[in-house]
Amino acid sequence: MVLSDQWIYIKDLKDHIGEHVEIKGWLFNKRSSGKIHFLQIRDGTGFVQGIVEKSVSNETFELADELRIESSLSVKGKVRKDERSPYGYEIDVDGIEIYQIPLEDYPISKKEHGIDFLMNNRHLWLRSQRQFHILHVRNEVIWAVREFYRNNGFILIDTPILTGAIGESAGELFNIEYFDLGKAYLTQTGQLYLEAAAMAFGKVYNLGPTFRAEKSKTRRHLTEFWMNEAEVAYYTSNDNMHLQEELVSYVVGRVLERAGDHLKALERDTKPLEKVQTPFPRISYDEGVRLLQKKGFDIKWGDDIGGDEETAISEEFDRPVMVYNYPRNIKAFYMQPDPQRPEVVLCDDMLAPEGYGEIIGASERINDPDLLIERIKEFNLPAESYDWYIDLRKYGSVPHSGFGMGIERLVAWICKLEHIREAIPFARTIYRIHP
RNA sequence: UCCACCAUAGCUCAACCGGUAGAGCAUCCGGCUGUUAACCGGAGGGUUGUAGGUUCGAGUCCUACUGGUGGAGCCA
């Protein structure tokens, strides 16, 4: 038999039942007895088991015997549907070509590993099935985000990664030498640039890496993470909240539709995700504080809402909840005060269910130039760095609102991960930059 | 920056009141014709993170350091 027939991907096996095909991939596990080898093969699109029985040529049977974990190989054989396989299909192998037998033992075993070891071996850990499913969900999340904006008339505006001294506060910025211009910083937010773009394009968004030099060590923090921000001219805080719930419900819906098998493989109970339909509940900061006091938290008006408090609030609801209008003193300088109550600002945080906390931070922005200048001074920020930002308020200033959504937090919640570091291919945390 | 915890074989972990290091997996050898983290038999594998200290004796107790983990603050 001619064995040079077509190479296909594992995900397409279902369309080739009974045919003789070739799979190119890696051996992720092997079980053998004297007369039969079970080859567990991964090709990046899925997983399948190849069967090598003694009845094949001696040469092929010997090759199967030599294979070690993570050997790269091509197998040829006939596709068969089989209930005994966890993947539904099997290949009766009659030809094996080895690309490489690993030079050393593969470090990641079939048993458990500690997180330090796994993160040190992240370049190999990516090959594991769990990571395969998580990163497929991430892929669908990002596609869905982009799709949402495209469907809703937004323009993609890529905001700069290198910036001058501008953002919400200094001290949490990574800095580098920038030729003769002194220090440049890695972006902490593209918001200010999106505000400029909103005055040019109306509805804009970005999606890219963001950097925070905070020494945070928790399951919710990375020093480098991907953020989606949106900014819309003429949107009030209420319009903004509506946009956020439309976005999040859309993304969750698309992920359920397109990555349902991945969620199932991760043993993620999808029932809570199916409830993520608009409208989302909204409670004011005032109501939030009263609710927390009733639940026994030691919190008074004016205090920020911490992680445990966020969880306690989100427990009251079966879908993401938006907590709006926080005290002005605990929020950023650019947020628009409530004209009825100047001690609070028009803003909201969206808290994910199941204890995942804040996934979106949002606000209406100050549009009055004098008030903005006053706030910049009040926060002791260098006014000269904000010259162009203030400029935006001089030429047809309008009410406008926007938000930032953490992609990894969203992925961690949708996959129900213990830690955000599995939601990004190569996590950057305070003590980890390698690999 | 602060608080807590952890560090023993390649990996995951044991080792009682301080008494001289043990298992599973991985590796190698042998067996097994449907395995599902396959299984069965055998073998090799250790300066117990580093440096001091207490003690007749330290993996175990004390101090410092290094590396890591979780959390607080802060945020997405």
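A note on names: the letters A, B, ... follow the listed sequences, proteins ahead of strands, and every chain is numbered from 1. No hydrogens, no waters, no symmetry mates; every other heavy atom, side chains included, goes into these values.
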*Consider the side chain of A:Glu53, meaning its heavy atoms from C-beta on, and name the nucleotide among B:C74, B:A37, B:U33 that approaches it most closely.*
B:U33
*asked:* I need the full list of ring pair (Phe, Tyr, Trp, His ring centres under 6.0 Å) pairs touching residues 296-324 of chain A, with sequence neighbours left out, sorted by first then second residue.
replied: A:Tyr285-A:Trp301
*Ring centres of A:Tyr389 and A:Tyr334 under 6.0 Å apart?*
no
_Heavy atoms within less than 4.0 Å of RNA chain B: which residues of residues 272-297 of chain A have one? Give them sorted by number._
none
*Hey, does the side-chain of A:Ser216 have a donor or acceptor N/O within less than 3.5 Å of a partner on the base of B:C74?*
yes
*If only side-chain N and O atoms of A:Lys215 are considered, is one of them under 4.0 Å from the OP1 or OP2 phosphate oxygen of B:G73?*
no
*When rounded to the nearest Å, what value does the distance between C1' atoms of B:C13 and B:C56 take?*
32 Å
*asked:* Closest approach to the side chain of A:Ser33, judged atom by atom: which nucleotide of B:U35, B:C32, B:A76 is it?
replied: B:C32
*asked:* With the threshold set at under 4.0 Å for non-hydrogen atoms, list the residues of residues 118-142 of chain A touching RNA chain B in residue-number order.
replied: none
*Answer with yes or no after comparing the ring centroid distance for A:Phe333 and A:Tyr386 against a 6.0 Å cut-off, counting only values under it.*
yes
*Reading RNA chain B 5' to 3', what string of ( ), [ ], | and . shows its pairs, if Watson-Crick and G-U wobble pairs count only when both distances fall under 3.5 Å?*
(((((((..((((.....[..)))).(((((.......))))).....(((((..]....))))))))))))....
_So, using side-chain hydrogen bond (donor to acceptor under 3.5 Å, both in side chains) as the criterion, who are the partners of A:His242 when residues are at least two apart?_
A:Glu245
*Report the nucleotide, chosen from B:U12, B:A72, B:U33, that has the shortest atom-to-atom distance to any side-chain atom of A:Glu112.*
B:U12
*Donor-acceptor pair under 3.5 Å, A:His221 side chain vs B:C75 base*: yes
_Candidate nucleotides B:U35, B:U12, B:C74, ranked by approach to the side chain of A:Phe117 - the nearest_ = B:U12
*Salt-bridged, A:Lys294 to A:Glu287, with N to O below 4.0 Å?*
no
*Flag the pair A:Pro337 / A:Arg375 as yes when at least one side-chain heavy-atom distance between them is below 4.5 Å, and no otherwise.*
yes
*Under a 4.0 Å heavy-atom cut-off, which of residues 421-433 of chain A touch RNA chain B?*
A:Arg421, A:Tyr431, A:Arg432
_Heavy-atom donor-acceptor pair, A:Glu83 side-chain to B:G34 base, under 3.5 Å_ = no
_Residue A:Arg80, side-chain atoms from C-beta onward, closest of B:G34, B:C11, B:A72_ = B:G34
*Any donor-acceptor pair under 3.5 Å joining the side chain of A:Arg31 to the base of B:C32?*
no
*asked:* Is any side-chain heavy atom of A:Asp349 closer than 4.5 Å to one of A:Lys331?
replied: yes
*Reckon A:Lys35 has a side-chain N or O less than 4.0 Å from the OP1 or OP2 of B:U33?*
yes
*asked:* So, OP1 or OP2 of B:G70: does either fall under 4.0 Å of a side-chain N or O from A:His419?
replied: yes
*Which of these passes side chain to side chain contact (heavy atoms under 4.5 Å, CB included) with A:Leu351: A:Glu310, A:Met322, A:Glu315, A:Glu309?*
A:Glu310
_Would you measure the distance from the C1' atom in B:U60 across to the matching atom in B:G10 and give it in whole Å?_
25 Å
